[in-house]
Amino acid sequence: QLQLVESGGGLVQPGGSLRLSCIVSGRTPDDYTIGWFRQAPGKEREAVSCISTRGGVTDYADSVKGRFTISRDNEKNTQNTVYRQMNGLKPEDTAVYYCAADILLAVEAMCASGSHDYWGQGTQVTVSS
């Protein structure tokens, strides 16, 4: 079983930056993919970006390319942390952001699917002046 906990959300002005974190704990397997997803009010959940086990492969939604960066730190003892640096935030980025994990799944498949084995509770990001 994996546990995922997101943090770092908040209120930010347009053009500002935030860094979200997703800490993965539990019996982490050797190979698992992490994805960030978001859901805005009245909209379906969508993939934002995904990253492979060692961080060598990433995938981004077109709407965030050049503004968001996903990375992961696999060295902190038994915890694995995935970061999302968000720059140039826009009001349309307002949503609840979730991280998800899946085992033995390619990065592209992770972002293409909204159904995954493990999810965090979500963190709210609000972009407003």
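For reference, positions follow the sequence shown, starting with 1. Reckoned from all heavy atoms, side chains included, excluding hydrogens, waters and symmetry mates.
The two residues R38 and S63 make their nearest non-hydrogen contact at NH2-OG, 3.5 Å. Listed here is the closest heavy atom pair of I34 and A101: CD1-CB, 3.6 Å. Scanning all heavy atoms of the two residues, the minimum distance from S113 to S115 falls at OG-N, 3.1 Å. When all heavy atoms are compared, the tightest approach of A95 to Q124 is O-NE2, 3.4 Å.
Looking only at distances, a side-chain donor or acceptor of T94 sits under 3.5 Å from a matching main-chain atom of V127. Although no hydrogens or angles enter the test, the distance criterion places no donor-acceptor pair under 3.5 Å between the side chain of R19 and the main chain of G8. Put simply, the side chain of T33 gets close to the backbone of L105: a donor and an acceptor are under 3.5 Å apart.
Residues D117 and Y32 have side chains that never bring a donor and an acceptor to within less than 3.5 angstrom of each other. In the model, D31 has a side-chain atom that pairs as donor or acceptor with a side-chain atom of T53 under 3.5 Å.
L20 and Y98 are members of different hydrophobic clusters when ILVMFWY side chains are connected at heavy-atom separations under 4.5 Å. Note on W119: it does not cluster hydrophobically with L104, by side-chain heavy-atom contacts below 4.5 Å among ILVMFWY residues. Tracing side-chain contacts under 4.5 Å through hydrophobic residues (I, L, V, M, F, W, Y), one reaches W36 starting from Y60; they form part of the same cluster. In terms of hydrophobic clustering, with Ile, Leu, Val, Met, Phe, Trp and Tyr side chains grouped at heavy-atom distances under 4.5 Å, M110 and V48 are assigned to different clusters. If you chain together hydrophobic residues whose side chains sit under 4.5 Å apart, Y118 and I51 fall into the same group.
Crowding of E92 atom CD: a count of heavy atoms from other residues, nucleotides or ligands under 6.0 Å exceeding 12.
Using a 4.5 Å heavy-atom threshold, the side chains of R45 and V96 count as separate. Two residues are said to be in side-chain contact when any heavy atoms from C-beta on lie closer than 4.5 Å; R27 and Q1 fail this criterion. A 4.5 Å side-chain heavy-atom check between D93 and M86 finds every atom pair outside the cut-off. Side-chain atoms of F68 and L89, non-hydrogen and from C-beta on, do get closer than 4.5 Å to each other.
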Intermediate values then yes/no, side chain to side chain contact (heavy atoms under 4.5 Å, CB included), S128 and L11: CA-CA 7 Å; S128 175; L11 174 64; 4.2 Å; yes
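Every residue two or more places apart in sequence or in another chain was checked for a side chain to side chain contact (heavy atoms under 4.5 Å, CB included) with A112, and none qualifies. By the side chain to side chain contact (heavy atoms under 4.5 Å, CB included) test, S17 is found to be paired with Q85, N87, residues two or more places apart in sequence or in another chain being considered. Take V5 and apply the side chain to side chain contact (heavy atoms under 4.5 Å, CB included) test, not counting sequence neighbours, and it matches Q121.
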